[in-house]
There are 2 protein chains.
Amino acid sequence: MDDQLSRVFSALADPTRRDMVARLTAADATVNELAEPYDVSVQAVSKHLKVLEEAGLVSRSREAQRRPVHLEAEVFDLMTKWIERYRRRAEERYRRLDDVLAEMDTEQPTPRPDSERGAS
Amino acid sequence: MDDQLSRVFSALADPTRRDMVARLTAADATVNELAEPYDVSVQAVSKHLKVLEEAGLVSRSREAQRRPVHLEAEVFDLMTKWIERYRRRAEERYRRLDDVLAEMDTEQPTPRPDSERGAS
DNA sequence: ATCGTGTTCAACCCCTGGGTTGAATGAGGG
DNA sequence: CCCTCATTCAACCCAGGGGTTGAACACGAT
């Protein structure tokens with residue numbers, strides 16, 4: 001778990017953390033406020049927040065003794081970009097496949113113009 | 001790890017699996033083909049595929065001895081929907097915040113019309 | 001200085017995840 | 001029928017994740 005994208009996906013793989021993110025879209029909150037609905041210890045929630053913070057999904061300021069948690073929406077774009085990029089490719093491929101299938105009604109051999117690759 | 005959203009996020013939290021998905025947008029592939037670039041055993045890759053399959057990201061048909069792996073792009077929408085939903089809320093909140101800040105130049109008390117919640 | 005509240009650190013437990021190797025199964029091809 | 005290739009199952013190892021409890025730390029209030 002080193003790159004940011006891994007951290008973000010991993011952070012959101014946990015239902016509790018997703019719920020926290022969901023709640024933070026409504027308003028900033030403190031650790032204790034966030035912990036209240038779940039029946040786990042405050043420390044556990046603090047750990048969850050650490051994960052979200054290291055993923056860049058959340059930031060914390062200091063305000064008296066409290067450390068309000070604030071959602072950072074920009075990181076969502078990182079995921080969206082990754083997802084859209086490959087979904088687009090996949091769909092494009094299906095489009096090509098349709099073309100191929102359409103051609104197969106008329107022509108025969110249809111070689112394999114195997115396309116470019118891309119890593120994460 | 002029970003619900004599908006968790007499985008999808010969790011599946012994509014692994015760089016190797018993301019890379020497989022990326023490569024599968026170009027063309028279907030067999031387990032061995034997929035395993036080739038990585039220096040892990042074929043069994044390990046087979047396990048990765050199982051994870052992707054259980055997340056619904058991938059399907060496998062049978063073609064002679066081979067079991068070509070095929071990307072299922074629809075599941076991406078599940079994530080996109082979740083992400084967009086909460087990003088939208090977050091942005092809307094910022095918009096409201098701007099309004100509040102603008103009002104603070106003129107008025108004083110500004111109560112807290114705390115908004116609705118939503119779970120995963 | 002002291003207390004109380006909010007938050008985090010530390011040590012520990014247990015279970016899952018990703019990796020390994022070795023053997024089993026499936027499905028043509030000789 | 002037997003061999004070979006592709007894939008999966010099984011057993012195991014080790015690191016890390018999520019949970020716990022108990023102590024420490026950081027402030028504000030008294």
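Remember, it's a predicted structure, so these values are computed and weren't measured experimentally. Computed over heavy atoms, backbone and side chain alike; hydrogens, waters and symmetry mates excluded.
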### Separation of dT4(D) C1' from N32(B) CG (nearest whole Å)
13 Å
#### Entry: Residue list, salt bridge (charged side-chain N to carboxylate O under 4.0 Å, His left out) with R67(B), at least two apart or on another chain
none
### Task
Specify the separation, in whole Å, of atom CG of L12(B) and atom P of dG17(C).
15 Å
#### Entry: D77(A): partners by side-chain hydrogen bond (donor to acceptor under 3.5 Å, both in side chains), with sequence neighbours left out
R87(B)
### Message
Distance check needed: dG17(D) P versus K50(A) NZ, whole Å only.
### Response
11 Å
### Message
If you define the side chain from C-beta out and look only at heavy atoms, does anything of R17(B) sit under 4.5 Å from V51(B)?
### Response
yes
### Message
Listing request: all ring pair (Phe, Tyr, Trp, His ring centres under 6.0 Å) pairs with a residue in residues 13-37 of chain B, at least two apart in sequence or in separate chains.
### Response
none
### Message
So, OP1 or OP2 of dA6(D): does either fall under 4.0 Å of a side-chain N or O from T30(B)?
### Response
no
### Query
For E33(A) and dT7(C), what is the distance between atoms CD and P respectively, to the nearest whole Å?
8 Å
### Contact pattern, 5' to 3', of nucleotides 18-30 of chain C - B, S or - by protein heavy atom under 4.0 Å
SBBBB----SS--
## Note on the structure
Those residues at least two apart in sequence (or on a different chain) that pass side chain to side chain contact (heavy atoms under 4.5 Å, CB included) with V21(A) are L12(A), L52(A), L71(A), F76(A), W82(B)
### Task
For R7(A) and dG16(D), give me the distance from atom CZ to atom P, rounded to whole Å.
15 Å
#### Entry: Residue pairs fulfilling side-chain hydrogen bond (donor to acceptor under 3.5 Å, both in side chains) with at least one residue in residues 50-60 of chain B, sequence neighbours excluded
E53(B)-R60(B), S59(B)-E72(B)
#### Entry: Gap between atoms CZ and P, on R66(A) and dG4(C) respectively (whole Å)
16 Å
